[in-house]
**Q** 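One structure coming up, written as structure tokens, with questions to follow.
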Amino acid sequence: MGNCHTVGPNEALVVSGGCCGSDYKQYVFGGWAWAWWCISDTQRLSLEVMTILCRCENIETSEGVPLFVTGVAQVKIMTEKELLAVACEQFLGKNVQDIKNVVLQTLEGHLRSILGTLTVEQIYQDRDQFAKLVREVAAPDVGRMGIEILSFTIKDVYDKVDYLSSLGKTQTAVVQRDADIGVAEAERDAGIREAECKKEMLDVKFMADTKIADSKRAFELQKSAFSEEVNIKTAEAQLAYELQGAREQQKIRQEEIEIEVVQRKKQIAVETQEILRTDKELIATVRRPAEAEAHRIQQIAEGEKVKQVLLAQAEAEKIRKIGEAEAAVIEAMGKAEAERMKLKAEAYQKYGDAAKMALVLEALPQIAAKISAPLTKVDEIVVLSGDNSKVTSEVTRLLAELPASVHALTGVDLSKIPLIKNATGAQV
């Protein structure tokens, strides 16, 4: 007995062995195969694409310039029966990494040999041709292993002696110069073409504007003619309408005037009756009460008048009586004062100088009070003197001069009074 084995399109199945020592081998991919127990062997080999990164460092070119080149190859095991059998003989039982290492060594060897035959410019400036050359040289060797090179590209090329950067500067300057010239020529051509296009555009625009203006003018003229005709007809219709309206309004106004006349006549009659009624009502409600009120007020005024007259007469009589009494009092007081003055004069005449002196003495306190009135506002008087004070002598002197002053003012000689005579005599 045995088993049925299946594989996908990305994998190859190898069935080997069989009955009676058979060396028959069956290669299947994307299908199935039968394998006997114990006498058949089954192995698998991947048919997927393998990516191999090739690095060649410090490899001298034909000019002796050391370069560092990195390439990327895409390879896979071919499915043709003869080639698949070859690949199975060489790689069956190995993993994918072992297969990559074998192919990598082959590709790097061919890449190194090709780098030694080319210049830096050929390698750097035409990478596609360089990769194609590597692929063509290495394809027969890897093909004998049952492997196909699907693609090979140069990923990176550089050096550590600045050869490529120096080579690129000249080319960069040339390219930059050509680019500037190209840009200037392109801008010049573009400006010329733009000016021509603008001119053509403006010509077309002006022609279109002219046609539009002509069409617009014709339209406006036709529109004005139509509007004029419409306005004339509208004015005639409006005038006829207004005339007819005026006639109708005249008729309506005439009827309104006739109605107003009738209404006015009726209103006048009503107002006449209202005036008569109002007159009678005023007579009854205003005139009669007013006359009665006027009569009452007149009677009250006459009574008030009589009252005021009587009051005035009584007041006058009272004032007259008071005046007579005051006059009598004044007369009696005058007579008493005259009698007093008469008696005082007789007494003064009888006593002579003694009476005059008595009057003077009575008046002296009043005179002294008038003279000393300003001194009442003084709180304190301080008299300053030395050892030889003359205050006492000054006071005595003032007393001695007092009779002379009084005699000069009143004509009364105070020196004849004994008390004053003794005081002034002692001073003398």
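In this chain, numbering begins with 1 at the start of the sequence shown. No experiment lies behind these values; they were computed from the predicted model shown.
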**Q** What residues, two or more places apart in sequence or in another chain, satisfy salt bridge (Lys or Arg N to Asp or Glu O under 4.0 Å) together with Glu248?
**A**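 Salt bridge (Lys or Arg N to Asp or Glu O under 4.0 Å) check on Glu248 returns nothing, list empty.
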**Q** If we ignore angles and hydrogens, is there a donor and acceptor under 3.5 Å between the side chains of Gln105 and Asn101?
**A**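 The answer is no; no qualifying pair exists.
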**Q** Show the numbers, then the answer: is there a side-chain hydrogen bond (donor to acceptor under 3.5 Å, both in side chains) between Glu242 and Gln238?
**A** CA-CA 6 Å; Glu242 291 178 356; Gln238 184 68 25; 3.3 Å; yes
**Q** Taking 4.0 angstrom as the limit, do Arg193 and Asp189 come out as a salt bridge?
**A**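 A salt bridge is absent here (no side-chain N lies under 4.0 Å from a carboxylate O).
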**Q** Less than 3.5 Å apart, any donor N or O on the side chain of Thr51 or Gln74 sitting next to an acceptor on the other?
**A**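 There is such a pair between these side chains.
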**Q** Measuring only between side-chain heavy atoms, which start at C-beta, is Arg217 closer than 4.5 Å to Leu221?
**A**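 Yes. Closest side-chain heavy atoms under 4.5 Å.
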**Q** Within a radius of less than 6.0 Å around CE of Met207, do more than 12 heavy atoms belonging to other residues, nucleotides or ligands occur?
**A**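 At most 12 heavy atoms, drawn from other residues, nucleotides or ligands, come within 6.0 Å of this atom.
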**Q** Does CD belonging to Glu236 count more than 12 external heavy atoms closer than 6.0 Å?
**A**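 Yes, CD of Glu236 has more than 12 neighbouring heavy atoms, counting only those of other groups under 6.0 Å.
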**Q** Between atom CD of Glu194 and atom NZ of Lys198, what is the distance when rounded to the nearest 0.5 Å?
**A**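 Atom-to-atom, Glu194:CD and Lys198:NZ are 4.5 Å apart.
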**Q** Between Glu315 and Lys318, is there a side-chain N and carboxylate O pair less than 4.0 Å apart?
**A**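 Looking at Lys318 together with Glu315, the answer is yes, because their closest N to O distance falls below 4.0 Å.
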**Q** Do Arg320 and Glu317 meet the salt-bridge criterion of a basic N to acidic O distance under 4.0 Å?
**A**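 Judged by the 4.0 Å cut-off on N to carboxylate O distance, Glu317 and Arg320 do form a salt bridge.
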**Q** I'd like to know if Glu302 and Lys305 make a salt bridge, using a cut-off of under 4.0 Å between side-chain N and carboxylate O.
**A**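 No, this pair does not count.
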**Q** Is it true that Lys199 and Asp203 make a salt bridge, defined as a side-chain N closer than 4.0 Å to a carboxylate O?
**A**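 Salt bridge present between Lys199 and Asp203.
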**Q** Do Met145 and Val102 touch side chain to side chain, with heavy atoms closer than 4.5 Å?
**A**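 Heavy-atom side-chain distance check passes, below 4.5 Å.
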**Q** To the closest 0.5 Å, what do you measure between CD1 (Ile212) and NZ (Lys205)?
**A**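 It comes to 8.5 Å.
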**Q** Verify the neighbour count for atom CD of Gln250: are there more than 12 heavy atoms of other residues, nucleotides or ligands below 6.0 Å?
**A**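 Open.
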**Q** I'd like to check Asp98 versus Asn95 (side-chain heavy atoms, cut-off strictly below 4.5 Å). Are they in contact?
**A**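 Contact flag for Asp98/Asn95 side chains = yes.
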**Q** Do the charged groups of Lys223 and Glu220 touch, with an N to O distance under 4.0 Å?
**A**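 Salt bridge flag = no for Glu220 with Lys223.
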**Q** Salt bridge or not for Lys265 and Glu260, using N-O below 4.0 Å?
**A**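 No, Lys265 and Glu260 are not salt-bridged.
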**Q** Output yes when a side-chain donor or acceptor of Asn231 lies under 3.5 Å from a complementary backbone atom of Ser227, and no otherwise.
**A**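 A pair under 3.5 Å: yes.
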**Q** Would you confirm whether Arg135, through its side chain, and Phe152, through its main-chain N or O, come within 3.5 Å as a donor-acceptor pair?
**A**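 Yes, because the side chain of Arg135 sits within donor-acceptor range (under 3.5 Å) of the backbone of Phe152.
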**Q** Can you find a pair of side-chain heavy atoms, one from Leu150 and one from Val75, that are under 4.5 Å apart?
**A**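 Not in contact.
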**Q** Does Val72 reach the side chain of Cys54, with side-chain heavy atoms less than 4.5 Å apart?
**A**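 A side-chain contact is absent here, since even the closest heavy-atom pair is not under 4.5 Å.
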**Q** Would you say the side chain of Thr70 lies within less than 4.5 Å of the side chain of Leu53, judging by non-hydrogen atoms?
**A**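 They are in contact (side-chain heavy atoms under 4.5 Å apart), so the answer is yes.
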**Q** State whether Glu108 and Arg112 are salt-bridged, where the test is any N-O pair (Lys NZ or Arg NE/NH1/NH2 against Asp/Glu carboxylate O) under 4.0 Å.
**A**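 Looking at Arg112 together with Glu108, the answer is no, because their closest N to O distance does not fall below 4.0 Å.
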**Q** Are Glu281 and Arg277 within salt-bridge range, i.e. N to O under 4.0 Å?
**A**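 A salt bridge links Glu281 with Arg277.
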